[in-house]
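I have placed the structure first, in the form of structure tokens, so that the comments after it can refer back to it.
Residue numbering restarts at 1 for every chain, and letters A, B, ... go by the order of the sequence lines. Computed from a prediction, not measured in an experiment: that's the story for all the values here. What's counted below: heavy atoms across the whole structure, side chains too, no hydrogens, waters or symmetry copies.
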There are 2 protein chains.
Amino acid sequence: MSNAYNRPDQLSPELRKRVLDTARRLGYPGPDPVARSLRTRKAGAVGLLLTENLSYAFRDPGAISFLEGLSLACEDAGHGLLLIPASPEREDVASVHRAGVDGFVVYSVPEDDPHLAAVLERPVPVVVCDQPRLDNLDWVGPDDARAIKSMADHLIKLGHRRIGVSCMRLARGRNDGLASVQRQANASFHVQKSRLTALAESFSEAGVDWTKVPVVERFDHTAASGASAARQLLDLDPDITAIVCTSDILALGALNEARSRGLRVPEDLTVTGFDGIADAERAGLTTVRQPVLEKGRAAGRLLLETSEPGRPREVVLETQLITGTTAAPPRSREERWFGP
Amino acid sequence: MSNAYNRPDQLSPELRKRVLDTARRLGYPGPDPVARSLRTRKAGAVGLLLTENLSYAFRDPGAISFLEGLSLACEDAGHGLLLIPASPEREDVASVHRAGVDGFVVYSVPEDDPHLAAVLERPVPVVVCDQPRLDNLDWVGPDDARAIKSMADHLIKLGHRRIGVSCMRLARGRNDGLASVQRQANASFHVQKSRLTALAESFSEAGVDWTKVPVVERFDHTAASGASAARQLLDLDPDITAIVCTSDILALGALNEARSRGLRVPEDLTVTGFDGIADAERAGLTTVRQPVLEKGRAAGRLLLETSEPGRPREVVLETQLITGTTAAPPRSREERWFGP
DNA sequence: GTGAAAGCGCTAACAC
DNA sequence: GTGTTAGCGCTTTCAC
């Protein structure tokens, strides 16, 4: 009978049909998937752990593209994709324990996330995407430092020396405001940290005192946050010539804020982003594009391919500086006040 | 030991800690979720069945909002969301059989979908969203007939009598072209069918011979398809004054096609949509808005609430006619040729 | 508070 | 091609 369901080739078609018909007539609903999983030690599904509320994954364009890529890989392998409810507020790790999956993809979570710890305890393969960087774990992501360095160099070449930075959440706790150099250094979100570090390095080399550069952090990753961050930066120092954002969403918000202040971009203010989401490219944002869909697909593939244990793999994705229309040489203070 | 993991209150904290520490030291990875599921008969997850390739779900704005709502409901209940790989091409139903879930949400699939049949065989609750309408099954969706009727009445009142219709897939087989009245009647996608039926009814009442109204069908749900459908309609009958689309995506494509033909909307051509996705409202499309996110949430809630068996529930969502800027009274043939 | 045992439904192995 | 059986790892129950 098990054969009738699982190995059609092991018995004659008519017998198979007879068995199946009888089973159905008796009200047998087919093999129980959970019992089968227990026996075969295969769940046929991949678990996805996100930092945010589940629903956030469907609101962030980057996350959506990532999911698209990941689902492509899962589909190719005939695997399901289990989205694990793990809100940052709730410390409830049970959902990770309950997940019947053959492995986990961890997407951009802080190193000290309790859900991550729970995932790592499970005896199944794990692939990390973006962050955190952990030894012994497969990883896929862009070379963040190198990518943002290309942006920094671009801005430095344009002549910007007095800048402000708008960045995403640096740690699990909410902090909407200035991020001290110390907070930057202690960030538990590796991606943000390495972007800031690379920015600091580039601008320091160009003679900028990084301790004087205002870095404003926002917990929520929305355009509204980006606008308020830009507002804070411009209030703090109206003479900054550029706002460097560590994501396109924040940059799009900054663009809105500039507009509502009557600042022309890029004449009065340069704004840059990171990611290369569709909305940003549509808006002509100067940004760094990373292949987000490909990232998801690579993460899925890595997880579903068998790997040699003890030899963590690494997929580094190419990034590309997109010169849009939101970055230009800064104007002198006088020009800014009195027009062209 | 089981108690240590599952019922912290049943034993003293220090004992619990001792047990857990020992377990960890012995390399015990925590209770196996699959075995637990088998025993408790609970998977802690909801399965989602879609018509399309999984990845499509992340490309269609409507599907994305639906998923957002569904994930909200799942998260509230601490349940995971398992996306089931069920491409329309592959007839492989195994993924449904393998899904370790407590119930299924079926999102907009045709009545003759083999995956749906497989879902219905499973002894777990099922909630259908949009289509198909089946007796004995919980259902959530808008009143499609009534919703599109409000649009039809709007167009009739504006004076449109010579229209073309652009609709989505009517059956599982690909058919990019005219859909005969018979094909309309035999459609296995209930939503499209009831929209067409309601349109036919309204326009017939207004004196239009429905058998003469060109209805063009497209398999792929993309703006490009919408554009090509509009092209076909306008080639077939350049004198139509309105293109009624059964989705916003198709309508957005029709808008593109109108633009590239030099037709002004709404002066030369009226275009209408259905759904109320953000892009459409941004474009000023005249459309019918349905609360897509709410639909997903309602489906999830329905599934996770315990229901009285044998009494199928029904959630009918409110829709709203959005009068945008893409519908206006038709101009006479002369006006159309010679300008205002 | 502890320990032993039954059994969830399946598949794989092996004997017929 | 068929029938029987052990055991996947857990939770629950019951006896202590």
- Ordered by number, residues from residues 19-26 of chain B within less than 4.0 Å of DNA chain D (heavy atoms) are none
- Might you confirm whether atom CD of B/E318 has over 12 heavy atoms from other residues, nucleotides or ligands at distances under 6.0 Å? no
- Which residues share a salt bridge (charged side-chain N to carboxylate O under 4.0 Å, His left out) with B/D138, sequence neighbours left out: B/R313
- Whole angstrom is fine here: how far is it from NE2 in B/H97 over to P in C/dC10? 12 Å
- Message: Considering only residues two or more places apart or on different chains, which pairs with a residue in residues 92-115 of chain A satisfy salt bridge (Lys or Arg N to Asp or Glu O under 4.0 Å)?
- Response: A/D112-A/R172
- Could you check how far NZ of B/K17 sits from P of C/dG1, rounded to whole Å? 17 Å
- Given axes from five pairs at either end, by how many degrees does the helix from C/dG1-D/dC16 to C/dC16-D/dG1 bend, rounded to 10°? 40°
- Message: With a 4.5 Å cut-off on side-chain heavy atoms, are B/F58 and B/L83 touching?
- Response: yes
- Message: Filter on salt bridge (Lys or Arg N to Asp or Glu O under 4.0 Å), then keep only pairs touching residues 31-40 of chain B, sequence neighbours left out; what's left?
- Response: A/R41-B/D32
- Message: For a quick check, with a 4.0 angstrom heavy-atom cut-off, what is the B/S/- contact string for nucleotides 6-16 of chain D, read 5' to 3'?
- Response: BBBBBBS----
- Query: Partners of B/R297 by salt bridge (charged side-chain N to carboxylate O under 4.0 Å, His left out), sequence neighbours excluded?
  - Reply: B/E294
- Query: Mind checking what makes salt bridge (charged side-chain N to carboxylate O under 4.0 Å, His left out) contact with B/R25, not counting sequence neighbours?
  - Reply: none
- Message: Within the 4.5 Å heavy-atom criterion, are A/L48 and A/L67 side-chain neighbours or not?
- Response: yes
- Which part of the nucleic acid, if any, lies within reach of A/S37 when heavy atoms closer than 4.0 Å are counted: base, sugar-phosphate only, or nothing? nothing
- Query: Can you name the salt bridge (charged side-chain N to carboxylate O under 4.0 Å, His left out) partners of B/D143, sequence neighbours left out?
  - Reply: none
What N/O pairs connect the protein and nucleotides 3-5 of chain D at under 3.5 Å? Give each pair on its own line.
none

- Query: Considering residues, nucleotides and ligands other than B/R174, do more than 12 of their heavy atoms fall under 6.0 Å from its CZ?
  - Reply: yes
- salt bridge (Lys or Arg N to Asp or Glu O under 4.0 Å) contacts touching residues 47-71 of chain B (sequence neighbours left out): A/R59-B/E68, A/E68-B/R59, B/E52-B/R169
- Please tell me if the side chains of B/L170 and B/F189 come closer than 4.5 Å, counting only heavy atoms from C-beta onward. no
- Could you name each residue pair satisfying salt bridge (Lys or Arg N to Asp or Glu O under 4.0 Å) that touches residues 71-80 of chain B, not counting sequence neighbours? none
